[in-house]
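Read through the structure below, which is laid out as structure tokens, and then see the notes.
These numbers come from a predicted model, not from an experiment. Below, chain A is the first sequence line, B the second, and so on; all start at residue 1.
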Protein chains: 2
Amino acid sequence: MRDRRAERRESTRAEILDAAWEQVREHGLAALSLRDVARSVGMQPPSLYSYFDSKNAIYDAMYAQGARECVEAQQALKPLPDDQLEALKALLHFFVEFCAADFARYQLLFQRTIPGFEPSPESFKISEDNLAEIGEMLARSGVTDPGSLDLLTALGTGLADQQISNDPGGDRWIRLIDEAVEMFYEHITKKAKKPSKGRRTR
Amino acid sequence: MRDRRAERRESTRAEILDAAWEQVREHGLAALSLRDVARSVGMQPPSLYSYFDSKNAIYDAMYAQGARECVEAQQALKPLPDDQLEALKALLHFFVEFCAADFARYQLLFQRTIPGFEPSPESFKISEDNLAEIGEMLARSGVTDPGSLDLLTALGTGLADQQISNDPGGDRWIRLIDEAVEMFYEHITKKAKKPSKGRRTR
DNA sequence: GTCTATATTTGGATAGAC
DNA sequence: GTCTATCCAAATATAGAC
């Protein structure tokens, strides 16, 4: 039998989270205020505590939600093309566009910008598992050695970061994703053939 | 004749800013508190207002200071090597290491993480001028077309961001700078020869 | 220039009635 | 579960004596 009370509770929690997202998108991630959230869902501030233990618990639920959205977005692009180059392009497009789509979410998931907050182990695990799966996808696309993987993640976060910071809502860096991946792919292909390269010390 | 009063005032302002930097490095950029700053320089909080008009004025002075440090660090690496590849490596090393050296400074200068704050036109101009000069240096090093410049800045911020976020104090991504620049340089060199490449639409 | 005293706002959080 | 009432702490900022 359906538990109507639990359902209602869940839907109210979701409503609160929605209001919180709206607020951080409007005023910045760090500017979340329980008062304003309560008001925008038609409650008095103390009533929120029936749904979340604390302000950080709200941040944590938002983190988990964002991480789950990331999992879903990433699974939506399966199956990846067989062609390795095309698969890499698809993966980087997914990542950069996911980040660029929501600045506040990007800050919450990928940067440490809220002074007292860090995600709970349960919430963090969602991200961690997803990252591991992306790692496997990359391995299947031919990116195996750790240095290349780090280089690709740098490329991805760099494109995302520039897009968000310097052209929000536009596509100035999104346009460059294919070219960046081609550059990267050519590089690792060449490195695999001539492994003496790239071992330089500075 | 020296204006001893003005000197003293300047030195007190500097002392306040030092205390502010220490605090944000310890507790996060957004956690700056005038109380704690005042206490750590041995003042009562209201006394700070003799030196700065508001909290955001302190952020602004910190921004200007960070921007000036960036200018100095960047001018310290002149003259650049004649070799274009080596010049690019030096430039990217400068940028990534400057960012990685101080997370709070990085956040203040390059990200919009403080809800109500944005730098004053005067402070922002310091950054802007410096950015323009870096652009010229890049042009002299062979990076001329806008797309390549954007790609390189993405590479720089990506390496910096990953280094700061995932290996603070280490060198996991700093180690990759030379390789990244080689990859990039080979890419733009080839693009210049065969300009039909890289024009793909997705 | 620095202090004391205080205003004012805002924040997160708790107690207890209903 | 929601409210009222309240607490407590912290924050920025101002007024005015010294």
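- When every heavy atom of Ser127(B) is checked against every heavy atom of Tyr63(B), the shortest pair comes out as OG-OH, 3.1 Å.
- Checked by atom type, the side-chain pair Glu182(A)/His187(B) shows no donor-acceptor distance below 3.5 Å.
- Residues meeting the salt bridge (Lys or Arg N to Asp or Glu O under 4.0 Å) test with Arg9(A), sequence neighbours left out: none.
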Pairs under 3.5 angstrom only: tabulate donor-acceptor contacts from the side chains of residues 114-122 of chain A to other protein residues two or more places apart or in another chain.
{"unit_1": "Ser120(A)", "atom_1": "OG", "unit_2": "Asp60(A)", "atom_2": "OD1", "d": "3.2"}
{"unit_1": "Ser120(A)", "atom_1": "OG", "unit_2": "Asp60(A)", "atom_2": "OD2", "d": "2.8"}
{"unit_1": "Ser120(A)", "atom_1": "OG", "unit_2": "Ser123(A)", "atom_2": "N", "d": "3.3"}
{"unit_1": "Ser120(A)", "atom_1": "OG", "unit_2": "Ser123(A)", "atom_2": "OG", "d": "3.1"}

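- With sequence neighbours excluded, the residues forming a side chain to side chain donor-acceptor pair (under 3.5 Å) with Gln84(B) are Tyr185(B), listed by chain and number.
- If you check residues 53-65 of chain B against DNA chain D, the residues with a heavy atom closer than 4.0 Å are Ser54(B), Lys55(B), listed by number.
- Running 5' to 3' along DNA chain D, contacts with non-hydrogen atoms of chain A at under 4.0 Å begin and end at dG1(D) to dA5(D).
- Note: CZ (Phe52(A)) to P (dA13(C)) measures 13 Å, nearest angstrom.
- Other residues, nucleotides and ligands contribute more than 12 heavy atoms inside 6.0 Å of the CG atom of Asp171(A).
- Residues from residues 11-46 of chain B lying near DNA chain C, meaning a heavy-atom separation below 4.0 Å, are Gly42(B), Met43(B), Gln44(B), Pro46(B) in numerical order.
- Using a cutoff of 4.0 Å between basic side-chain nitrogens and carboxylate oxygens, Lys190(A) and Glu186(A) are not scored as salt-bridged.
- Between Tyr49(B) atom OH and dT6(C) atom C1' the separation is 14 Å, expressed in whole Å.
- Nearest heavy atoms, Gly156(B) versus Val96(B): O-CG2, 3.8 Å.
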key: Stepwise side-chain hydrogen bond (donor to acceptor under 3.5 Å, both in side chains) test for His93(A) and Asp178(A)   = CA-CA 8 Å; His93(A) 265 280; Asp178(A) 285 352; 3.1 Å; yes
ask   = Does the side-chain hydrogen bond (donor to acceptor under 3.5 Å, both in side chains) test come out yes or no for Ser148(B) and Asp145(B), once each step is laid out?
value = CA-CA 6 Å; Ser148(B) 298; Asp145(B) 80 282; 2.5 Å; yes
